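This structure is a prediction, so every number in the text was calculated from the model and none was measured. Chain naming here is simple, since letters A, B, ... match the order of the sequence lines and numbering starts at 1 in each.
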There are 2 protein chains.
Amino acid sequence: MDSSQLLKGVLDLAVLAVLDERDGYGYDVVRRLREAGLVEVGDASVYGTLRRLYKAGALTSYVMASDEGPHRKYYGLNETGRSMYAAQARTWNSFVATMASLLKEGRG
Amino acid sequence: MDSSQLLKGVLDLAVLAVLDERDGYGYDVVRRLREAGLVEVGDASVYGTLRRLYKAGALTSYVMASDEGPHRKYYGLNETGRSMYAAQARTWNSFVATMASLLKEGRG
DNA sequence: GCACACTACTGTGCAATGCGCGGTAGTGGC
DNA sequence: GCCACTACCGCGCATTGCACAGTAGTGTGC
């Protein structure tokens, strides 16, 4: 198992988490995820996730010019996105708890 | 997000965990996972995972007759399986920790 | 002795999603 | 002009969980 498989279904949550902290554009989200420890995340995955979340109505989007390169497409959470974030965080936490109890039994 | 996506890449670990506790056959593993809280796990997924892990050399396999139905194909961890289990558990735990720090930042 | 339910395993095809790779563009340094 | 870095997008692939259908053994009710 490399963590690429672990990301399945959780990348949405991770992206929602960084955007909940503050709006960001694709390249920036990639950097923030990597700094947070998700070093193996691919840029294409993040762009794809952002587009998917936007299409799902969870994100707002606005374009801004930049001094240091091409334009940046910023994304931010809207109400739908925030409740999606909360719901997914809950699901994730209970899932983690379930896994924790499973793993403990064989080792405690 | 339904937890089916969360299972991606983690079902291996979950199956290794229940087999580490004690040998089991497919149907039994499904039941134990569901009792542990993974209620949405599909039987075909578990059988597929068992076959995959067996093919990867992580499991031993032996067939036993049963009083209450057809034969049962038992699976158990071998050395490879145990080290795979330990490695995946470590990866999982550090991944969970990374996610936890990500989620915390946006909420206090 | 036949239909049915429950146990137990298998195969096929599908859908979701992360990724590698390559392509397009803008800005600045040499 | 060429290259590096920033920034974004599209294509096709691999993995993997699942629904569904099928095979088979055992016991129950009639």
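Taking atom CG on B:D28 and atom C1' on C:dC9, their separation rounds to 14 Å, with Å as the unit. As rounded to whole Å, 8 Å separates atom C1' of D:dG17 from atom CG of B:L7. To the nearest angstrom, P of C:dG18 lies 14 Å from CZ of A:R34. One interatomic measurement links the two molecules: CG of A:L6 to P of D:dT15, which rounds to 16 Å at whole-angstrom precision. Separating the CD atom of B:E40 from the P atom of D:dC18 is a distance of 8 Å, rounded to the nearest angstrom. For A:D43 and D:dC11, the CG to C1' distance is 14 Å, given to the nearest whole Å. In this structure, B:Y74 places its OH atom 12 Å from C1' of C:dT7, rounding to the nearest Å. For the pair B:K55 NZ and D:dT16 P, the computed distance is 12 Å after rounding to whole Å.
Between C:dC19 and A:K8, no contact under 4.0 Å exists linking OP1 or OP2 to a side-chain N or O. The phosphate of D:dA7 has OP1 or OP2 within less than 4.0 Å of a side-chain N or O from A:R31. Checking the phosphate oxygens (OP1, OP2) of D:dA7, a side-chain nitrogen or oxygen of A:Y25 falls inside 4.0 Å. A:R51 has no side-chain polar atom (N or O) that falls below the 4.0 Å cut-off from OP1 or OP2 of D:dC8. At D:dG17, one or more side-chain N or O atoms of B:R52 fall inside 4.0 Å of OP1 or OP2 (strictly under the cut-off).
Distances from the side chain of A:A44 to the nucleotides C:dA25, C:dG20, C:dA16 place C:dG20 closest. With D:dT6, C:dC9, D:dC9 as the candidates, the nucleotide lying closest to the side chain of A:P70 is D:dT6. For B:K73, counting side-chain heavy atoms from C-beta on, the closest listed nucleotide (C:dT10, D:dG17, C:dC19) is C:dT10. For A:R72, taking side-chain heavy atoms from C-beta onward, the closest of the listed nucleotides D:dC20, D:dC9, D:dA7 is D:dA7.
The aromatic rings of B:Y74 and B:Y62 sit parallel, their planes meeting at an angle under 30°, below the 60° perpendicular limit.
Formation of a donor-acceptor pair under 3.5 Å by the B:D20 side chain with backbone atoms of B:L16 is not found in this model. Within the 3.5 Å criterion, the main-chain N or O of A:V15 finds no donor-acceptor partner in the side chain of A:Y85.
The 5' end of DNA chain C is approached more closely, in terms of each residue's nearest nucleotide, by B:H71 than by the other of A:T49 and B:H71. Between A:Y47 and B:G42, the one whose closest nucleotide on DNA chain D sits nearer the 5' end is A:Y47.
Using a 4.0 Å cut-off between charged side-chain N and carboxylate O, B:R82 and B:E79 make a salt bridge.
Among the candidates A:L7, A:D28, A:V18, the single residue satisfying the side-chain contact (heavy atoms from CB on, under 4.5 Å) test with A:L33 is A:V18.
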